[in-house]
Amino acid sequence: MNRLTFWYGFLLVIVFASCKPEPATVTETPDPIFQPKGGMADLVYNPMRSDGTLDSSYLPVLTWKEDQFDFGTLFEGDIVTHDFEFTNTGTAPLLITRATSTCGCTIPEWPRKPVPPDSTSSIRVKFNSLHKEGGQKKVVTIFANTFPNTTTVTIQGKVEIKK
């Protein structure tokens, strides 16, 4: 019985010693549509309000010059490259976190640094037609701090076998 009492007492001491009171003050932003400025906060701003509506007043907007490219007809083994130009027409810096393609034959390259508002940049897409034949349509998905957070560009054409 003495051992059991000791272990219950020890357990109670551990439980009460590990509990900490809540902080006395919680800092809240007086503005319900708080828009952080500066540093990484510019890149991770959450545009959803607590009532479920979208606050689009401080968002990057990815606007494409073109979002599709037809490379026409080429021969198997040829490599075609195209730059998809875009402009950040929003009010916050645009950060592209990654770009993926539907096939290993299509490789996207994107800017790694944030694109300021009203600035232009591009995503280069390289398509290798080796072991491809016929009509080809490859989609590249771009992940960014926009809303919604994904957008796509498409490269397409026809690959013929060399005779």
Side-chain angles (χ1 to χ4, degrees), residues 22-23 26-163:
E22 292 287 324
V26 176
T27 56
E28 291 186 16
T29 307
D31 182 4
I33 309 173
F34 177 62
Q35 298 175 0
K37 304 280 190 235
M40 286 300 287
D42 281 346
L43 303 175
V44 294
Y45 173 67
N46 184 357
M48 293 304 292
R49 294 185 180 119
S50 60
D51 64 1
T53 60
L54 176 68
D55 173 19
S56 61
S57 64
Y58 188 68
L59 281 176
V61 177
L62 204 155
T63 304
W64 297 102
K65 182 176 179 181
E66 62 177 342
D67 61 356
Q68 293 184 3
F69 175 69
D70 189 337
F71 57 77
T73 301
L74 50 100
F75 290 106
E76 179 193 12
D78 290 347
I79 296 174
V80 65
T81 302
H82 183 72
D83 291 335
F84 288 95
E85 292 183 21
F86 65 87
T87 302
N88 178 5
T89 57
T91 56
L94 169 70
L95 179 64
I96 298 174
T97 55
R98 68 184 163 123
T100 60
S101 66
T102 55
C103 177
C105 62
T106 307
I107 310 234
E109 297 174 10
W110 64 94
R112 303 292 199 227
K113 293 186 178 185
V115 178
D118 298 322
S119 295
T120 301
S121 190
S122 66
I123 292 178
R124 176 168 285 167
V125 177
K126 187 186 304 184
F127 171 70
N128 185 347
S129 65
L130 188 63
H131 305 298
K132 302 291 179 195
E133 180 181 0
Q136 302 292 317
K137 182 175 183 178
K138 306 300 177 186
V139 176
V140 175
T141 303
I142 294 93
F143 297 84
N145 63 336
T146 56
F147 189 84
N149 69 337
T150 60
T151 186
T152 60
V153 294
T154 305
I155 189 167
Q156 63 187 10
K158 184 178 178 184
V159 178
E160 292 183 351
I161 303 295
K162 291 182 184 177
K163 295 180 183 181

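For the numbers below, each heavy atom of this structure counts, side chains included, while hydrogens, waters and symmetry mates do not.
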Report, one line per pair, each donor and acceptor closer than 3.5 Å where one atom sits in a side chain of residues 65-73; sequence neighbours left out.
from : atom 1 : to  : atom 2 : distance (Å)
E66  : OE2    : H82 : NE2    : 2.6
D70  : OD1    : G72 : N      : 2.8

Problem set entry | Test side-chain contact (heavy atoms from CB on, under 4.5 Å) applied to S121 - qualifying residues, sequence neighbours left out | F86, P111, V115
Seminar exercise, completed: Across all chains, not counting sequence neighbours, the side-chain contact (heavy atoms from CB on, under 4.5 Å) partners of R112 are W110
Are [X] and [Y] close enough that some pair of their side-chain heavy atoms sits under 4.5 Å apart?
X    : Y    : result
L94  : N145 : yes
T151 : W64  : yes
I96  : I123 : yes

Please list, one pair per line, the donor and acceptor atoms closer than 3.5 Å that link side chains of residues 125-141 to other protein atoms, with sequence neighbours excluded.
from : atom 1 : to   : atom 2 : distance (Å)
N128 : OD1    : L130 : N      : 3.0
S129 : OG     : F75  : O      : 3.1
S129 : OG     : G77  : N      : 2.9
S129 : OG     : D78  : N      : 2.9
S129 : OG     : D78  : O      : 2.7
Q136 : OE1    : K138 : NZ     : 3.3
Q136 : NE2    : E133 : O      : 3.2

Roughly how far, to the nearest 0.5 Å, is [atom2] of [Y] from [atom1] of [X]?
X    : Y    : atom1 : atom2 : value
I142 : N149 : CD1   : CG    : 11.5 Å
T146 : L95  : OG1   : CG    : 10.5 Å
I155 : C103 : CD1   : SG    : 11.5 Å

For this session: Check side chain to side chain donor-acceptor pair (under 3.5 Å) between S122 and all other residues, then give those that pass, not counting sequence neighbours.
Result: none
Problem set entry | T106: partners by side chain to side chain donor-acceptor pair (under 3.5 Å), with sequence neighbours left out | none
For this session: Report yes or no: does N88 contribute a side-chain atom to a donor-acceptor pair with the main-chain N or O of G90 at less than 3.5 Å?
Result: yes
